[in-house]
Amino acid sequence: MPTSLEKGIALPPLLSQSHSGVPERLLSDSIQAKNRLWANKKTHAKTNKELPILPENISKEEFYNAIAELQGKLGSDNAKVVDTPLDDGWYLEHPNTHDAMHILEDDDLVASAVICPGSTSEVQTVVLWANKYRIPIYPISIGRNFGYGGAAPRLNGGVIVDLGKRMNKILDINPQDCTCLVEPGVTYFALFEEVQARGYQHLMVDVPDLGGGSVVGNALDRGVGYTPYGDHWATHSGLEVVLPNGEVSNLGIVTKMGVTLMPHPGDHEGFAYTFQKESDIAQLAEIIRPLRIAMILENVAQIRHVSVVLAANGKPRSAYYKGKGQIPSDILHEAASKEAFGDCTWIYYGMTYGPKNIRQWKLDLVHKEFMKVPGARQLDPKTLPRDDYFWVRDSVANGVPDINEINWVNWYPNGAHLAFSPIAPVRGTDALKLWEMASSYGNAHGLDLFPAFLVGLREMHLIVEIPYDRNDAEHRLAARKCLEHLINEAAKNGYGEYRTHLVFMDQVANTYSWNNNALMRFNERIKDALDPNGILAPGKSGVWPARFRGRNNAGIGKLEKAPSLKL
Ligand code: ADP
């Protein structure tokens with residue numbers, strides 16, 4: 001494993017240097033990831049439009065005056081116009097100015113300015129300022145919401161309020177109550193390291209796939225982790241919020257959040273099974289449902305497609321296949337057969353917690369059920385090399401945040417990804433229908449897919465990451481069209497997305513149209529009452545304030561109507 005960067009590439013920031021840095025224990029992995037990404041980066045992003053891209057209805061002069069007014073209140077370093085060339089960076093050195101994984105042109109979804117308040121009262125100041133000038137503001141905590149828009153504003157020229165840069169304190173960790181209180185800029189990396197440093201090894205932090213996201217932002221966007229406390233929204237314990245009119249209440253910009261921490265169960269044991277056929281997903285969903293509801297399967301159940309496991313092990317697509325269109329399934333099978341985990345279509349990654357006798361009782365039950373699927377194989381972790389993806393899953397399910405999930409982003413040059421994220425009941429028929437839908441649309445658009453089924457206590461997320469080369473306009477368009485078609489087709493079959501990229505927020509919101517759009521009418525009523533000037537995150541989740549309503553997606557991300565594909 002390389003421990004130094006190629007010539008001319010800067011070291012990734014450490015947590016000791018920056019709130020969004022990486023802990024020292026992951027420096028070597030981060031260096032390796034950065035070397036790979038740089039080797040895979042063919043051209044750099046550039047914008048054609050003149051910067052700054054201004055919010056609408058404000059002249060350049062007025063805008064600069066408004067920013068100068070704010071600089072007078074927050075300090076000139078804390079309110080900056082975005083007027084220098086955009087840099088996409090990478091996961092650990094991500095921009096807070098735009099979507100680093102642009103799916104539109106690289107001058108769409110770009111901020112006019114970035115503001116970094118240092119306290120709740122400064123957030124109130126920013127909100128009052130935005131009301132005075134009618135400037136749309138978009139709060140981010142860290143801005144690593146990759147695949148869903150990153151740090152970008154929904155409206156081109158919106159102002160980003162980067163809360164994490166200066167509000168990143170862990171205000172409290174209570175070892176008796178197993179709770180903590182954090183500001184927006186606290187990442188999973190930071191919280192985990194602090195819990196360890198304070199000697200609270202009896203507390204477990206629930207962490208998502210990558211540890212660089214914020215605890216606050218992930219919960220607000222309904223992210224999940226992989227310990228028994230995986231539902232982040234369900235396990236938060238109170239919020240402090242600045243309202244769009246500047247008051248502190250409970251609907252607006254989150255400035256503090258309480259989080260419950262699980263008492264660490266002590267011992268743990270990762271396990272994995274492989275399944276041969278695509279259609280096995282139907283039987284698996286039926287097997288998993290009762291085991292999950294009874295918490296025999298204790299953490300979020302994960303069934304990952306072999307494509308993502310191969311990509312996560314670090315090699316780019318070109319190592320397996322150089323052709324156009326979707327990578328053929330026999331190539332994936334052949335590649336899998338050369339890996340320690342062997343030929344398969346799906347891999348289940350699980351974890352049991354607690355003393356040996358309790359673990360064994362659950363493992364035996366799981367084994368008996370999983371082996372009912374013809375062709376199922378149990379993997380012996382001892383036979384898997386240290387760089388196998390199994391160990392990433394093992395670490396995350398043990399509450400230790402990791403960085404190596406980033407490797408699959410490298411599948412294509414200039415790696416980027418977009419996610420199709422429907423939720424469904426935990427049923428075999430639903431799992432199979434969604435899988436067939438995703439794979440046939442992916443195939444029709446010539447796209448490789450990285451699907452994973454994630455099963456909570458009463459629902460199943462299918463997350464299909466669609467990787468693409470962000471500097472290839474044709475590839476970007478195919479990914480957009482594929483996702484647009486999938487959202488439509490899923491809606492026709494009764495499935496909605498739990499989360500989506502900025503560009504698809506209107507489309508997804510429109511699919512929740514029951515009872516003459518009762519939900520949207522309700523959301524709009526609340527929006528107008530709380531945000532009469534329409535300054536806070538206009539268009540977020542498809543909810544537009546009155547002044548922007550009915551403008552055809554406000555001119556951004558409008559795609560032509562999707563034709564129906566025959567499945
Ligand atoms: P991450 O911490 O994973 O990088 P982001 O900071 O990108 O996540 O936040 C994800 C989304 O959640 C943002 O686009 C924004 O819509 C919302 N969000 C994040 N932080 C806040 C906050 N403090 N208050 C209100 N909304 C927020």
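For ligands, and for the atoms within them, numbers begin at 1 and follow the listed sequence. Position 1 is the first residue of the sequence, and the numbers go up from there.
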Interfacing atoms of ligand 1 (cut-off 4.0 Å, heavy-atom, Leu163): 22 (C), 23 (N)
Atom indices of ligand 1, in the order listed, that fall short of 4.0 Å to a heavy atom of Arg144: 1 (P), 4 (O), 7 (O)
Side-chain ion pair, Asp108 and Arg480, N-O less than 4.0 Å: no
Min N/O separation Ile142 to ligand 1 under 3.5 Å: yes
Check: Trp391/Asp402 side-chain N/O donor and acceptor closer than 3.5 Å: no
Cationic N near anionic O, under 4.0 Å, Glu105 to Arg476: yes
Ligand-side contact atoms (ligand 1) for residue partner Gly252, heavy atom cut-off under 4.0 Å: 25 (C)
Ring-ring centroid check Tyr389 Tyr349, cutoff 6.0 Å: yes
Polar proximity ligand 1 side, Lys540 side, N/O cut 3.5 Å exclusive: yes
Atom indices of ligand 1 within 4.0 angstrom of Ile140 heavy atoms, with elements: 6 (O), 20 (N)
Lys/Arg cation over aromatic Tyr138: Arg154, 6.0 Å, 45° cone: no
Of the listed options Gly150, Ser214, Gly149, Gly213, closest to atom 2 (O) of ligand 1 (non-hydrogen atoms): Ser214
Which segment of Asn145 sits under 4.0 Å of ligand 1 when only heavy atoms are counted: both
Sub-3.5 Å N/O-N/O distance, Gly143 and ligand 1: yes
Electrostatic pair Arg547-Asp531, nearest N-O below 4.0 angstrom: no
Backbone or side-chain N or O of Ser141 under 3.5 Å from ligand 1 N or O: yes
Partner of His461 by ring pair (Phe, Tyr, Trp, His ring centres under 6.0 Å), out of Phe420, Phe453, Tyr498: Tyr498
Protein heavy-atom partner closest to atom 9 (O) of ligand 1 - residue, atom, separation in Å: Gly217 CA, 4.0 Å
Trp233 six-ring face occupied by Arg222 cation (under 6.0 Å, within 45°): yes
Geometric N/O contact Val254 with ligand 1, under 3.5 angstrom: yes
Among Pro139, Ala219, Ser20, closest by any non-hydrogen atom to atom 18 (N) of ligand 1: Pro139
